[in-house]
Asker: 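Below you'll find the structure I mean.
These numbers were taken from a predicted model, which means no experiment stands behind them.
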Amino acid sequence: MRHVISASRRTDIPAFYSDWFVSRLKAGHVYVRQPYSKKMMYVSLKPEDVSAFVFWSKNYAPLLDKLETIEKTSRHLFFHFTITANKDLEPFVPAYIDAIKDYIYMVKRYSSQQVVWRFDPICITDKLSFEIYKERFIQCAEMLKGHSGKCYISFVHPYKKVFTNLQRYTDHRLIEVSPEKKKEYSLRLAERAGAYGIQLYACCNDYLLSEHVKKARCIDGRYLSYILNVPLDTKAASTRKECACTRSLDIGAYDTCAHGCLYCYANADKDRAHMAVLRHDPRWNALDTNAVEDNDEASQAQKLSF
């Protein structure tokens with residue numbers, strides 16, 4: 001069975017590493033440093049070994065002029081597009097109006113089945129109430145009406161790094177919200193979403209599930225197999241608690257995204273992540289620029305490919 005490539009939960013490949021991704025497609029492989037073992041793993045990107053590519057991004061603009069090149073390798077593409085209009089906590093993400101224009105372009109190029117809107121995470125602070133999020137959700141939903149049939153939401157997980165980053169970089173203070181209140185909030189969003197023909201899904205937040213909020217499966221082998229007309233592995237391979245995803249291989253790396261989102265679980269250090277982008281060479285076999293410093297084996301694998 002061929003594998004699904006996730007590009008990537010760990011970083012924003014379309015926004016910052018689209019040239020690198022295309023170069024790796026042409027090479028037919030990539031090296032990936034495993035987060036826990038730190039070992040470098042060879043992953044084939046050849047058409048005969050890949051059933052689908054699943055992309056995750058807050059900014060697809062740098063990838064748009066490369067789609068034709070990518071399609072020469074595979075047309076089995078699926079896109080998660082995060083649009084929240086939350087400049088308060090996402091300082092370097094494009095304006096939501098521009099992002100929605102790109103979203104609509106991608107839906108017209110592929111279909112609304114292949115592009116899913118994410119409005120997550122919802123991070124309520126002393127300066128960002130739920131009502132503000134609701135207003136922004138409605139602004140986005142109005143523009144996406146007729147182009148999006150699904151929206152994935154979640155509430156931010158109170159990781160220590162979230163508290164640390166908010167304290168270090170902002171004057172926001174994370175507000176504790178009970179599961180019951182979050183469920184109430186999700187139902188209010190679901191009601192508004194329904195008015196625009198959009199079904200709400202909860203990602204890894206099962207306490208939000210109801211008749212109106214369904215369980216999200218971000219990489220759903222059965223669904224992808226159906227819409228892309230390609231056989232896919234449907235075996236469950238959860239990446240965290242309450243995850244319902246099926247198996248995939250992620251080719252990204254932590255601490256390499258420069259969006260600067262203050263709730264991010266994938267960056268332990270914003271400055272390190274920013275430097276990773278500046279130091280990156282699209283000709284490298286692996287995306288993880290930090291590996292050169294940290295791991296001899298990674299450094300060996302991080303050779304240039306001409």
Asker: Does the side chain of Ser8 come under 3.5 Å of the side chain of Trp56 through a donor N or O and an acceptor N or O?
Answerer: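 No, Trp56 and Ser8 have no side-chain donor paired with an acceptor closer than 3.5 Å.
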Asker: Can you check whether Leu45 reaches Thr73 side chain to side chain, under 4.5 Å on heavy atoms?
Answerer: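 Not touching, per the 4.5 Å side-chain cut-off.
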Asker: Are His76 and Phe78 close enough that their ring centers fall under 6.0 Å?
Answerer: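 Between His76 and Phe78, the centre distance exceeds or equals 6.0 Å.
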Asker: Could you grab the distance from atom CG of Leu189 to atom NZ of Lys134, nearest 0.5 Å is fine?
Answerer: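 Separation between the atoms: 8.0 Å.
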Asker: Checking Lys58 against Phe81: charged group under 6.0 Å from the ring centre and within 45 degrees of the axis?
Answerer: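 Checked: cation-pi criterion not met.
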Asker: Within a strict 4.5 Å, meaning less than it, do heavy atoms of the Leu77 and Ile70 side chains meet?
Answerer: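 Yes - at least one pair of side-chain heavy atoms lies under 4.5 Å apart.
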Asker: Show me the pairs that pass side chain to side chain donor-acceptor pair (under 3.5 Å) and involve residues 101-111, at least two apart or across chains.
Answerer: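 The answer is Glu71-Arg109, Glu71-Tyr110, Tyr103-Ser148, Tyr105-Arg109.
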Asker: Side-chain contact, heavy-atom cut-off 4.5 Å: Leu287 with Ile13?
Answerer: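 The answer is yes; the side chains approach within 4.5 Å.
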Asker: With a 4.5 Å cut-off on side-chain heavy atoms, are Val93 and Cys261 touching?
Answerer: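 Result yes, sub-4.5 Å side-chain heavy-atom pair found.
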Asker: What pairs of donor and acceptor atoms, side-chain ones from residues 218-226 against any protein atom, are under 3.5 angstrom apart with sequence neighbours left out?
Answerer:
unit_1: Asp220; atom_1: OD1; unit_2: Arg222; atom_2: N; d: 3.2
unit_1: Asp220; atom_1: OD1; unit_2: Tyr223; atom_2: N; d: 3.3
unit_1: Tyr223; atom_1: OH; unit_2: Gln113; atom_2: O; d: 3.2
unit_1: Ser225; atom_1: OG; unit_2: Val230; atom_2: O; d: 2.7

Asker: Hey, could you give me the CG/OG distance between Leu64 and Ser18, rounded to the nearest 0.5 Å?
Answerer: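 Atom-to-atom, Leu64:CG and Ser18:OG are 9.5 Å apart.
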Asker: Does one hydrophobic cluster hold both Ile122 and Val116, with members joined at side-chain heavy-atom distances below 4.5 Å?
Answerer: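 Unlinked, Ile122 and Val116 end up in two clusters.
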Asker: Quick one: does Leu174's side chain get under 4.5 Å of Cys123's, heavy atoms only?
Answerer: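 They are in contact (side-chain heavy atoms under 4.5 Å apart), so the answer is yes.
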Asker: Quick one, Ile124 with Tyr185, criterion side-chain contact (heavy atoms from CB on, under 4.5 Å). Give me CA distance, side-chain angles, the key distance, then yes/no.
Answerer: CA-CA 11 Å; Ile124 295 176; Tyr185 289 159; 3.7 Å; yes
Asker: Cluster question for you: counting only ILVMFWY and a side-chain heavy-atom cut-off of under 4.5 Å, with indirect links fine, are Leu89 and Val177 together?
Answerer: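 In one cluster: yes.
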Asker: State, to 0.1 Å, how close Gly252 and Val32 come at their nearest heavy-atom pair, and which atoms those are.
Answerer: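 Of all heavy-atom pairs spanning Gly252 and Val32, the closest is O-CG1, 4.0 Å.
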Asker: Would you mind listing every salt bridge (Lys or Arg N to Asp or Glu O under 4.0 Å) that reaches into residues 139-159, with sequence neighbours excluded?
Answerer: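 Qualifying pairs, neighbours excluded: none.
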Asker: Is a side-chain donor or acceptor of Lys127 paired with a backbone partner of Asp171 at a separation under 3.5 angstrom?
Answerer: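 Between the backbone of Asp171 and the side chain of Lys127 there is a qualifying donor-acceptor contact (under 3.5 Å).
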Asker: What donor-acceptor contacts under 3.5 angstrom involve side-chain atoms of residues 154-161, with partners at least two apart or in another chain?
Answerer:
unit_1: Ser154; atom_1: OG; unit_2: Asp120; atom_2: OD2; d: 3.1
unit_1: Lys161; atom_1: NZ; unit_2: Tyr265; atom_2: O; d: 2.9

Asker: Going by atom type alone, with no hydrogens or angles, which donor-acceptor pairs under 3.5 Å involve a side-chain atom of residues 47-54 and a protein atom two or more places apart or on another chain?
Answerer:
unit_1: Asp49; atom_1: OD2; unit_2: Ser44; atom_2: OG; d: 2.6
unit_1: Ser51; atom_1: OG; unit_2: His3; atom_2: O; d: 3.2

Asker: Charged N to carboxylate O under 4.0 angstrom, Lys214 versus Asp206?
Answerer: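 Answer for the salt bridge query: no.
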Asker: For the residue pair Gln114 and Ile227, what are the closest heavy atoms and their distance?
Answerer: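 Nearest heavy atoms, Gln114 then Ile227: CG-CD1, 4.0 Å.
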Asker: With the 4.5 Å side-chain cut-off for hydrophobic clustering, are Leu262 and Val277 part of the same group?
Answerer: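 Leu262 clusters together with Val277.
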Asker: So, for Phe119 and Cys151, which heavy atoms are closest and what is the spacing to 0.1 Å?
Answerer: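 So the two residues come closest at CB-SG, 3.7 Å.
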Asker: Sequence neighbours excluded, which residues qualify as side chain to side chain donor-acceptor pair (under 3.5 Å) partners of Trp117?
Answerer: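 With sequence neighbours excluded, Trp117 shows a side chain to side chain donor-acceptor pair (under 3.5 Å) to no residue whatsoever.
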Asker: Would you kindly say whether Asn267 and Arg272 are connected by a side-chain donor-acceptor distance under 3.5 Å?
Answerer: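 Side chains of Asn267 and Arg272: no pair found under 3.5 Å.
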Asker: Out of curiosity, does Leu166 fall in the hydrophobic cluster containing Phe92 (side-chain heavy atoms, cut-off under 4.5 Å, transitive links)?
Answerer: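 Phe92 and Leu166: separate clusters.
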Asker: List the residues meeting side chain to side chain donor-acceptor pair (under 3.5 Å) with Glu184, not counting sequence neighbours, and say none if there are none.
Answerer: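 Partners of Glu184 under the side chain to side chain donor-acceptor pair (under 3.5 Å) test: Lys181.
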Asker: Could you tell me the separation between the CZ atom of Arg9 and the CD1 atom of Ile251, rounded to the nearest 0.5 Å?
Answerer: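 Nearest 0.5 Å value for the CZ-CD1 distance: 12.5 Å.
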Asker: Are Leu200 and Ile138 connected in a single hydrophobic cluster, I mean Ile/Leu/Val/Met/Phe/Trp/Tyr linked by side-chain heavy atoms less than 4.5 Å apart?
Answerer: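 Ile138 clusters together with Leu200.
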Asker: Sorted by first residue and then second, give each ring-ring contact (aromatic ring centres under 6.0 Å, His included) pair with at least one member in residues 189-211; sequence neighbours left out.
Answerer: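 Matches after skipping sequence neighbours: Tyr152-Tyr201.
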Asker: Do you know which two heavy atoms are closest between Pro14 and Pro62, and how far apart they sit?
Answerer: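 Between these two residues, the closest heavy atoms are O-CB, 3.4 Å.
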Asker: Go through Asp19 and Lys26 one step at a time and tell me if the salt bridge (Lys or Arg N to Asp or Glu O under 4.0 Å) criterion holds.
Answerer: CA-CA 11 Å; Asp19 288 330; Lys26 292 178 179 178; over 6 Å; no
Asker: Can you list every salt bridge (Lys or Arg N to Asp or Glu O under 4.0 Å) pair that touches residues 237-247, not counting sequence neighbours?
Answerer: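 Counting only pairs at least two positions apart or across chains, the salt bridge (Lys or Arg N to Asp or Glu O under 4.0 Å) contacts touching residues 237-247 are Asp233-Arg247.
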Asker: Can you name the nearest heavy-atom pair linking Ala141 to Ile198, along with the distance?
Answerer: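 So the two residues come closest at CB-CD1, 4.2 Å.
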Asker: With sequence neighbours excluded, give me every salt bridge (Lys or Arg N to Asp or Glu O under 4.0 Å) pair touching residues 193-205.
Answerer: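 Passing the test, one end in residues 193-205: no pairs.
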Asker: Hey, can you tell me if Tyr60 and Phe79 have their rings parallel, tilted or perpendicular (30° and 60° cut-offs)?
Answerer: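 Tyr60 vs Phe79 ring planes: perpendicular.
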Asker: Report yes if the distance between the aromatic ring centroids of Tyr42 and His29 is under 6.0 Å, otherwise no.
Answerer: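 Tyr42 vs His29: aromatic centres under 6.0 Å.
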Asker: Are Arg10 and Asp255 ion-paired here, with the side-chain N under 4.0 Å from a carboxylate O?
Answerer: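 Asp255 and Arg10: not salt-bridged.
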Asker: I'd like to know whether CG of Asp271 has more than 12 heavy-atom contacts from other residues, nucleotides or ligands below 6.0 angstrom.
Answerer: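 Counting neighbours around CG of Asp271, more than 12 heavy atoms of other residues, nucleotides or ligands fall under 6.0 Å, so yes.
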Asker: Hey, does His280 have a side-chain heavy atom less than 4.5 Å from the side chain of Tyr17?
Answerer: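 In short, these two side chains touch, coming nearer than 4.5 Å.
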Asker: Measuring from atom CG of Leu209 to atom CG of Asn205, what distance do you get when rounded to the nearest 0.5 angstrom?
Answerer: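 So the gap between those two atoms works out to 8.5 Å.
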Asker: Before accepting this row, confirm whether a basic side-chain N of the pair Arg188/Glu131 lies closer than 4.0 Å to the acidic partner's carboxylate O.
Answerer: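 Salt bridge between Arg188 and Glu131, a charged N being under 4.0 Å from a carboxylate O: yes.
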Asker: Show, in sequence, the C-alpha distance, side-chain angles and deciding distance for Ile100 and Cys140, and conclude whether the side-chain contact (heavy atoms from CB on, under 4.5 Å) test is met.
Answerer: CA-CA 8 Å; Ile100 289 175; Cys140 293; 4.2 Å; yes
Asker: Distance alone, cut at 3.5 Å: any donor-acceptor contact between the side chains of Thr11 and Thr256?
Answerer: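 On atom types as modelled, these side chains qualify, holding a pair under 3.5 Å.
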Asker: Measure the OG1-CZ distance between Thr82 and Arg118 for me, rounded to the nearest 0.5 Å.
Answerer: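 These two atoms lie 5.5 Å from each other.
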Asker: List in chain and number order the residues that pass side-chain contact (heavy atoms from CB on, under 4.5 Å) with Glu180, two or more places apart in sequence or in another chain; answer none if no residue qualifies.
Answerer: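 Expected list: Ser178.
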Asker: Could you pull out the closest heavy-atom pair between Ser23 and Pro282, with the gap in Å?
Answerer: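 Ser23 and Pro282 have their closest heavy atoms at OG-O, 2.9 Å.
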Asker: Do His147 and Val115 come close enough that some side-chain heavy atom pair is under 4.5 Å?
Answerer: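 Not touching, per the 4.5 Å side-chain cut-off.
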Asker: Can you run down the side chain to side chain donor-acceptor pair (under 3.5 Å) pairs that involve residues 86-97, sequence neighbours left out, and say none if there aren't any?
Answerer: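 For residues 86-97, and leaving out neighbouring residues, the side chain to side chain donor-acceptor pair (under 3.5 Å) pairs sorted by first residue read Thr84-Glu90, Asn86-Tyr133, Asn86-Arg136, Asp88-Arg136, Glu90-Tyr263.
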Asker: Are the side chains of Lys215 and Arg217 in contact, using a 4.5 Å heavy-atom criterion?
Answerer: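 Yes, close enough: below the 4.5 Å cut-off.
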Asker: So Ile175 and Arg173, side-chain contact (heavy atoms from CB on, under 4.5 Å) or not? Walk me through it.
Answerer: CA-CA 6 Å; Ile175 299 296; Arg173 180 172 58 86; 3.8 Å; yes
